[in-house]
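Comments concern the structure below.
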Amino acid sequence: MFTYNHKKVDKKWQSYWNKKKVYETKDGKAGATAKKCYILDMFPYPSGDGLHVGHPKGYIATDIFSRFKRMTGHNVLHPMGFDAFGLPAENYAIKNKVNPEIAVKKNVKKFKDQLAIIGLDYDWSRTVNTTDPEYYRWTQWIFLQMFKKGLAFESFEPINWCPSCKTGLANEDLDGTKCERCGTEIEHKPMRQWVLEITKYADRLLYDLDDLNWPESIKELQRNWIGRSEGSELTFKVQNSNEVIKVFTTRPDTLYGVTYVVVAPENKLVQALKPQITNWKEIEKYLKTTKAKTELERTADNKEKSGVELKGVKVIHPITGETVPVFAADYVLAGYGTGAVMAVPAHDDRDYAFAVKYNLPLKEVIIPERIDKRNPPVAGKEKVERQNVQVVVRNPKDGKILYIKYKKFGWHSFPMGGIDGGELLAAAAREVMEETGYKNLTNGKVLGGQVRAEYFAAHKDVNRVSYTNLVSFDLENEERVPVSEKEAAEADYFWADMKDMTCDFMCHAEMDVWLDRLNNGTEKAYCEDGVMVNSDKFNGRKNTEIMEEITKLAGGKRKVTYRLKDWVFSRQRYWGEPIPLVHCEHCAQAKFTKEAKLTVNFYYKDVWTALNNGTKTVETRALNPEEQNRYFGNVKVGDILNFEYKKEKGGKTIEQKCVRVKGAKIYKTFADLFADKDTLSKLHIKKYSSVIDLEKSYSTFGDDYMNKIIKNGLVAWEIEPVTIPVPVPEKDLPLKLPKVKSYEPSGTGESPLAKIDKWVNTKCPVCKGKAKRETNTMPQWAGSSWYYLRYIDPKNKKALIDSKKEKFWMKGGVDMYVGGTEHATRHLIYARFWHKFLFDIGVVSTKEPFAQLRNQGMILGADNRKMSKRWGNVVNPDDVVANFGADALRVYEMFMGPFAMEAAWSTDNLIGSRRFLERFAKLQDNVTKNKKEVKMDEVEMTIHRTVKKVTEDIAEFNFNTAVSSMMIAVNELLDKKILAEHLEMLVKVLAPFAPHLTEEIWQTTLKKKKTIHLEKWPTWDPKKIISNKTKIAVQVNGKVRETIEFNSADVSEADAKEKAIQAENVKRWLVSPIKKIIYIKNKILNIVI
RNA sequence: GCCGGGAUGGCGGAAUGGUAGACGCAAUAGACUCAAAAUCUAUCGGGCGCAAGCUCGUGAGAGUUCAAGUCUCUCUCCCGGCACCA
């Protein structure tokens, strides 16, 4: 009699597997017969809290899958590692006052121990840790390759800044408008950032999704995240200016409907257009208020639009040449498209809302089109256009509506008729009077624009194309005039309820449009497709067909825009991979000498601000084109110049520096300049090629003289010193993270590394001069973007991965990747991006990293909430394993429900799995050597069916039904004698689920000498799963009335029918003659009467 | 608003268009026990019925079909993602 002592069994076999290195993976050799199978888990972030019971769900699944694959003859790679750089580890370290390195070490050990007691089959000899310098050397290496290809660059655009974490963040790190880590509202902060140009890969990231065996939902999430949208870029010239406003639109077809143009408040154009703007004060005020609004406020009240007109500025419509006003409004985002839109209030909801608020005109250029289904146009007939009106007359007394019934066709309609110019309401009223005699109508309204309809007018033998307006009236009183005999002969009128007005009842092809307008009003934009009107030569054409043509006519071009933004890749934090670059001024100087020649063209009329360290910011603005030309020549803001300056006032030393022009400030007179003390203190003036002291000149020559000299005013340039980033030589990698005492973030936008002078000050690898290290670090997602490659060749010192090994293990990509959905738009996009880059530079041989992906559903707490310390609903796997055994935990987590669905933890339900294991173990006592005691057919049918079901279910990740089928097998066999070979088959199929118990039975009871986990997976015999008894459900008119049994595996229709119609319960229902019999072989006989 | 995914007993869930509720939990009754636990046996969607059996039932409503949890349309609610993306 076997008693299941899980504590003993678990421990015994875990140490056995370790000792025998059962799970160590050998690299495939050329000519090896075993097919490779690379099974991968999303590696964990080792937090201080350790694992809860939800974490291992995915690991158990891959464990089962890899054991199964190994037993079916595959060479399996199933590794595990740790992703330990990043904010959580650092925040944990700060909070607990330990060095993150030490904290990570401790947490990794804890995680490893916790994973070990679950009996997972990882090959720990291949483990990786992203914080290990030998690992991150290659993370840095990849970054350098990107840098060299120009994919990594410095950007000065405003980025998302988390004031609590004190670092910049990527778009992907946001939860709406909040920091995904700490929930703090993010700010937009302009600062220097390293950015990876992921948008260059956007199309490939999008299109290559199609071939991946991934859950459709994840692919869709990525598609949405990339947000590719095709449209046109059109140019609106600014009247009396060299400036142009470029807009991006997906609806160039609505171009004739443009009634104004909107630019984002942050758009540089607003500044550039300042000289023309006559209401600058108002604009400045608006810019201030929008800037003060948080991102949240801007999006929360998205119904209430706000904006301000740039008075004095008009743009020219690219086709019609009409002038159009320009607005700045924050419903236009600076960061998407061109930061400006053409507004078509008639056909865009947002423009509509804005136009209504500011009383701007609408211009309808697309109208709905309907083809009459009852009277479709007939091919080959003449087309005749016609303007129509249809009239809804309501009697306010009882709410009834006036209808017309055509005697000849039986059609129901509104009073209607053609109109030839003239006033619409008058024509409509006349039509009502002619057809019905009612002459006093009031409250006339035109309900929206026209609708185009096509139908065949049989009485005229032509195809009619009608443009119809709907008009509504109230009946003022019931006075009538006589109706002409002709009208009376053709039609009657009647009053009926509003609700009779259905598409079926009424003959109008436009009816669904009318109903929508009557029920939901006409105050909205029409955003659907239709037919062009008010658009010159495009009139009458379908809007969907003219996109290219109209773009061309407007002189625009087709363009693709993405929602995806480039990846902000630097963090102002300590605990990350140092970016392996140094900043060198001398190299910059060498690089930019050419442009330096430009500087000598500026005489004493120009005043320069030399901001020694680039730390001083003065208020600046962009220059208009005229000023630009006058003061800068061909130098633009953002240009880099070699600049000469004097170190100390009056001194002789002249140094050169590379500077970037950040902006400029204009003073009308020297007096103005001298009033600006801040700027003045930094000023030097350059006369011809010598430096003079400005203040001295001023006092010598006097105000008038100086002002005469400058005439056009003074320009103070704001500049900052420029360095160029120089890569750390590959041989010097890894660039190790220095050990520090204080790694708390500074909050100034500088990484804590910046404070370590010893580390920061270094030599330039190129010119050997003094240089400073880049002090930003990489984001958490860097290390995880390629870790799956390193498992293949974890100890390689010469390369990221050996090419032969890569080709073997990555052939076709990772075969099975399992993890949570939460990584859909970050890790899984980043890793695909890096992989494609590595493919481009020849490091990997596949264009996609992960061929097949499965998501695990979360395990919730017993209270149906996310497991969290906050709710006190966390279940620790260690406790479960101690109380019920590792195998019970494993079986239960797989049995809870479909793998991909979330499910609430229930220790009650877990007991069922434990009982199953105990009952399974009892089968050992049923083993006999005497074949005569064994009901061979029944036993083998059960076992072979189970083998089949489990085999198929594991392959499909249907673990819950696999477990259930094994439960059924045990229930069926518990009271039967079986042979040892039968038990062997069952133990093998249970082995991946319950590795400890099955090993115990295998080696102890069945006396096998080698581990079960490298055994050959059993096969089922299709002949043995066929029963020699068949049950057929007999239905009468689809309802089951009787079940009949046959003692054979196959039943013919004739046999089934014969037996069925004799059964009492069937006979009773056969009250009328049999019409038809449907027989589904061996399953159902349906008698239709 | 848009894009995904759901909704089946008291609960977790199962069902290539073919006997809805497999399997598990909980519950009830019984056996064993001085007793309890454990284990074993039986019952276990609602209504009617002594029973055979009938009838209603897969979020709501329509439809296709000999047959619908499953397919089609409309709607409600829940979960996830995106969201003033032009």
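A, B, ... follow the sequence lines: proteins, then strands. Residue 1 opens every chain.
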Sugar-phosphate only, base, or nothing, as touched by A:L221 at under 4.0 Å among non-hydrogen atoms: sugar-phosphate
Length of the line joining A:D330:CG and B:C84:P, which is rounded to integer Å: 11 Å
A:I226 CD1 to B:C82 P, straight-line distance once rounded to whole Å: 14 Å
Rounded C1' spacing from B:C79 to B:U74 in Å: 22 Å
Short side-chain N/O contact from A:R915 to OP1 or OP2 of B:U39, under 4.0 Å: yes
Touch class at under 4.0 angstrom, heavy-atom based, for A:W905 against every strand present: nothing
Under 4.0 angstrom between A:W225 side-chain N/O and B:C3 OP1 or OP2: no
Sugar-phosphate, base or nothing in reach of A:D908, heavy atoms under 4.0 Å: sugar-phosphate
Sugar-phosphate only, base, or nothing, as touched by A:K1075 at under 4.0 Å among non-hydrogen atoms: nothing
Touch class at under 4.0 angstrom, heavy-atom based, for A:T961 against every strand present: sugar-phosphate
Touch class at under 4.0 angstrom, heavy-atom based, for A:R228 against every strand present: nothing
Atom pair distance, as rounded to whole Å: CZ in A:F899 and P in B:G13: 15 Å
Touch class at under 4.0 angstrom, heavy-atom based, for A:I1080 against every strand present: base
Distance-only donor-acceptor check, side chains A:E523 and A:Y352, under 3.5 Å: no
Sugar-phosphate, base or nothing in reach of A:N1065, heavy atoms under 4.0 Å: sugar-phosphate
Sugar-phosphate, base or nothing in reach of A:R914, heavy atoms under 4.0 Å: nothing
Nearest-Å distance for atom pair CD/P, residues A:Q1035 and B:U19: 8 Å
Nearest-Å distance for atom pair CG/C1', residues A:D349 and B:C84: 10 Å
